[in-house]
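Throughout, numbering of the chain's residues begins at 1 and tracks the sequence. What you see below is based on every heavy atom in this structure, not just the backbone, and it leaves out hydrogens, waters and symmetry mates.
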Amino acid sequence: MRTMLSLVCGLIFACFASQSVATEDAARSLSIRWTKLAMERDYLSAKEDAIESAFDDLNRYVANALLLENDLTFVISAETGKYYAPETREIHVPLSAFYRIIEGSRAKYPQQTSVQEGIIFESLKHLFFSEFANAMVQELSIPITGWDRERIDSFALLSQLHKRGNEEHLFILDASEEYLLVDRWRPVLDASQFSSEFAADEFRYGRMACLVQGFEAHYAIAELQGNEACLDSYLREIEFWRVALEGHLRPNSPIKEWAKAPS
């Protein structure tokens, strides 16, 4: 009798465990795929470490934060273009974008391995978060007024800042700067607003630096004096994403914490 009871309990436990795993797997609505040619050209074998780790960071975040109706796939290809294909729900990122980040960071800090690796990892995460945000805006038909890159930049940055809370956020702005080198914006820019791609990059970097200052002022990591405008900008971005993602957030989504007052 005890053996039969143990067997039944074991089966019930296994059933619940399998359901839990299935639920967790179902929550993971992101996947990553390498094209054959990209794998053949991956001469640094980056696919085995930094890139996959950065993608896993995004995947865990989305699984905890958002309810997406459709799966999205990152496709790492040997092509040169970086774009989102809504018909297949594929986010295409060229292998060259990853190498530009990896090799650029190594060249910039040749004698500081730990700094290199820190910036590389944060930059790759920023790339994944940014490209995901671009696809999410289209998938959820989020209305954006103004320049959409500002909103996409803010989502990637706010996600990373709030993941760390009040901890020191090393390399956040370095990562933003590295990402701008692979996100050379196309001539959709209003010529009256920006004279060149570099002017647009400077504007975007300045906006992101201001968000970091606003975050620091909000959580009293830095003094508010002189940061009032950046604090206002930070709070406006939080409010924008709170409204835009309403109805798409998981019950315990970390994004709900963004708008909470500091303790």
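Between the side chains of E216 and N227, no donor-acceptor pair is found at a separation under 3.5 Å.
Judged as a disulfide (SG to SG under 2.5 Å), the pairs with a partner in residues 215-249 (not counting sequence neighbours) are, in order, C210-C230.
No option in F74, F128, F55 other than F128 meets the ring-ring contact (aromatic ring centres under 6.0 Å, His included) test with F98.
Taking the side chain as every heavy atom from C-beta outward, E117 and R106 approach each other to under 4.5 Å. When side chains are defined from C-beta on, L157 does not count as touching R207, because their heavy atoms never get closer than 4.5 Å. Between H218 and L235, the closest side-chain pair of non-hydrogen atoms falls below 4.5 Å. L245 is listed as a side-chain neighbour of L140, based on a closest heavy-atom distance under 4.5 Å. Put simply, the side chain of R204 reaches to within 4.5 Å of the side chain of Y179, judged on heavy atoms. Residues Y109 and I120 fail the side-chain proximity criterion, which asks for heavy atoms closer than 4.5 Å. The closest side-chain heavy-atom distance from D153 to S176 is not below 4.5 Å. The shortest distance between side-chain heavy atoms of L173 and Y205 falls below 4.5 Å.
The structure places CZ of F203 at 10.5 Å from CE of M208, a figure rounded to the nearest 0.5 Å.
Residue-environment remark: CD (Q111) stays at or below the threshold of 12 foreign heavy atoms within 6.0 Å. Within a 6.0 Å sphere centred on CG of N252, heavy atoms belonging to other residues, nucleotides or ligands number 12 at most.
Annotation: salt bridge (charged side-chain N to carboxylate O under 4.0 Å, His left out) contacts of E202 (sequence neighbours excluded): none. A search for side chain to side chain donor-acceptor pair (under 3.5 Å) contacts involving E178 returns K108, not counting sequence neighbours.
Under the 4.0 Å criterion applied to side-chain N and carboxylate O atoms, R236 and E239 are not assigned as salt-bridge partners.
The aromatic rings of F215 and Y234 lie perpendicular to each other, with more than 60° between the two planes, well past the 30° mark.
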